[in-house]
Amino acid sequence: MRLCTVSVDGLDPFFGIELKGRVLRIAAAAEAFKLRPSQRAALADMTSYLHAVPGSERTLRSLLKKIADEPKNIAGKAEDGFAFLFDRSGLTYHPPVPSPQKVLCVGLNYKDHCEEQNKPIPKIPIIFNKFPTSLIGHEAEIPLPLKIDEKIDYEAELAFVIGKRAKNVKKRSALSHVAGYMILNDVSARSLQWAEKQWSRAKGFDGSGPCGPVLVTPDEVKDPHALSICCRLNGKVMQKSNTKHLVFKVQDLIQHITQVITLEPGDIVSTGTPGGVGVYREPQIFMKPGDTVEVEIEGLGKLINKCGTA
């Protein structure tokens with residue numbers, strides 16, 4: 001399933017699922033098919049869904065089967081006067097998870113990214129924070145903070161979202177805590193990163209975490225460690241790799257993080273970027289207003305954002 005949080009004129013952001021070029025309003029469909037109140041509550045929005053996994057996932061699949069059997073029930077308009085289904089082209093995509101408690105990222109997690117910096121491969125994962133205010137959606141404008149840093153860089157990354165509370169989790173069961181996968185661009189202010197020695201402002205500034213467009217459930221991702229990953233700046237390929245080159249895999253990261261940090265439903269972990277970032281190129285390449293940056297990951301889609309100014 002390809003889950004999303006989207007909006008359209010006249011409607012607040014809603015929990016949706018992509019279906020053949022259109023997006024279904026899940027909560028409206030749940031009401032139309034008269035699901036039980038507890039089931040409707042679990043499908044009210046992305047946050048509610050994630051906090052109720054795996055039961056909410058089973059409920060949603062059951063709802064989709066009902067729709068397939070009786071499509072006429074969503075052919076018209078819902079009780080609020082709006083359609084059940086909208087064409088994707090007319091929608092605004094928000095971060096799939098609107099308000100996560102935590103956004104954790106991993107540094108130096110591809111061998112070639114270590115090599116381009118002349119740094120050794122880490123022996124344990126390097127974990128740092130972005131923030132909920134960092135997140136923006138597909139096709140939103142990245143607000144480059146050029147007044148404080150002119151060296152703003154792209155970083156294409158695979159992220160995963162937690163769907164079941166995780167504490168002291170072992171690798172063998174770690175993937176059962178994942179609700180889905182999505183794309184994240186770990187936009188980084190390089191001058192701040194070098195000057196401040198830690199990365200809270202450099203990688204956590206407002207708008208520094210474009211993500212989406214959708215959250216793809218694990219059943220559609222056969223192996224999260226066998227996905228091609230690519231970043232293009234104004235159409236030119238800047239990064240091209242595969243998640244098979246991750247130093248620490250998803251289960252490694254979950255085990256490592258949850259030794260000391262509890263991961264809650266909706267928390268996001270971004271797994272790191274491959275080589276090819278702008279700061280280590282000759283000459284260096286940084287994003288500027290008017291640029292378009294695209295991150296594409298096999299099976300997850302394409303995340304596209306234009307650059308503006310903060």
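FYI, the numbering just counts along the sequence from 1.
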Electrostatic pair [X]:[Y] at N-O distance under 4.0 angstrom:
| X | Y | value |
| --- | --- | --- |
| D186 | K203 | yes |
| D291 | K288 | yes |
| R88 | E18 | yes |
| E57 | R61 | yes |
| E79 | R25 | no |
| R281 | E116 | no |
| R165 | D267 | no |

[atom1]-[atom2] distance between [X] and [Y], expressed to the nearest 0.5 angstrom:
| X | Y | atom1 | atom2 | value |
| --- | --- | --- | --- | --- |
| I257 | K102 | CD1 | NZ | 10.0 Å |
| T273 | N109 | OG1 | CG | 10.0 Å |
| C307 | N234 | SG | CG | 8.0 Å |
| F86 | L11 | CZ | CG | 5.0 Å |
| Y110 | L246 | OH | CG | 4.0 Å |
| S188 | K151 | OG | NZ | 14.0 Å |

Can you tell if the side chain of [X] reaches within under 4.5 Å of the side chain of [Y], non-hydrogen atoms only?
| X | Y | result |
| --- | --- | --- |
| H138 | I304 | yes |
| L50 | V161 | yes |
| V293 | R232 | no |
| V295 | Y154 | no |
| P289 | L144 | yes |
| I142 | P210 | yes |
| P274 | H245 | no |
| I268 | M182 | yes |

Over all atoms of both residues, closest heavy-atom pair of [X] and [Y]:
| X | Y | answer |
| --- | --- | --- |
| F205 | P145 | CE1-CD, 3.6 Å |
| P224 | L158 | O-CD2, 3.6 Å |
| I254 | T258 | O-OG1, 2.7 Å |
| N185 | L303 | N-CD2, 4.1 Å |
| F33 | I67 | CE1-CG1, 3.6 Å |
| V23 | G16 | CG1-CA, 3.9 Å |

Is a side-chain N or O of [X] found less than 3.5 angstrom from the main chain of [Y], in a donor-acceptor match?
| X | Y | answer |
| --- | --- | --- |
| T59 | G55 | yes |
| N129 | L104 | no |
| E298 | L227 | no |
| T5 | F14 | no |
| D87 | G90 | no |
| N242 | K244 | yes |
| S134 | G204 | yes |
| Q239 | A156 | yes |
| Q255 | K171 | yes |
| N305 | E141 | no |

Walk me through it: do E157 and S270 pass the test side-chain hydrogen bond (donor to acceptor under 3.5 Å, both in side chains)?
CA-CA 6 Å; E157 304 199 1; S270 197; 2.6 Å; yes
Test log, rule side chain to side chain contact (heavy atoms under 4.5 Å, CB included), inputs K111 and I121:
CA-CA 6 Å; K111 181 181 178 182; I121 295 173; 3.8 Å; yes
Let me check something: do [X] and [Y] share a hydrophobic cluster, defined by ILVMFWY side-chain heavy atoms less than 4.5 Å apart, either directly or through other members?
| X | Y | result |
| --- | --- | --- |
| I74 | L19 | yes |
| L184 | V250 | no |
| Y93 | V216 | yes |
| V8 | M46 | no |
| M1 | V178 | no |

Does [atom1] belonging to [X] count more than 12 external heavy atoms closer than 6.0 Å?
| X | atom1 | answer |
| --- | --- | --- |
| D223 | CG | yes |
| K240 | NZ | no |
| K77 | NZ | no |

Please check if any side-chain donor atom of D219 sits under 3.5 Å from a side-chain acceptor atom of T217, or the reverse.
yes
Could you work out, with side-chain contact (heavy atoms from CB on, under 4.5 Å) as the rule, every residue matching Q117, not counting sequence neighbours?
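For Q117 the side-chain contact (heavy atoms from CB on, under 4.5 Å) partners, ignoring immediate neighbours, are L108, H113, K119, Y280.
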Please identify each residue that fulfils side-chain contact (heavy atoms from CB on, under 4.5 Å) with E150, with sequence neighbours left out.
none
Before you tell me yes or no, could you show the steps for Q251 and H225 under side chain to side chain contact (heavy atoms under 4.5 Å, CB included), namely the whole-Å CA-CA distance, both residues' side-chain angles and the distance that decides it to 0.1 Å?
CA-CA 10 Å; Q251 53 266 46; H225 310 110; 3.1 Å; yes
When you look at S48 and L43, which way does the side chain to side chain contact (heavy atoms under 4.5 Å, CB included) test go after all the steps?
CA-CA 6 Å; S48 300; L43 300 182; over 6 Å; no
If you apply the rule side chain to side chain contact (heavy atoms under 4.5 Å, CB included), what do you find for F131 with D206, and how did you get there?
CA-CA 8 Å; F131 304 98; D206 292 353; over 6 Å; no
Any residue meeting side chain to side chain donor-acceptor pair (under 3.5 Å) with R201, in chain and number order, not counting sequence neighbours:
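Listed in chain order: E196.
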Start with the C-alpha gap between R190 and E155, add the side-chain angles, then the distance that decides, and say whether salt bridge (Lys or Arg N to Asp or Glu O under 4.0 Å) holds.
CA-CA 12 Å; R190 297 303 190 189; E155 291 193 4; 2.7 Å; yes
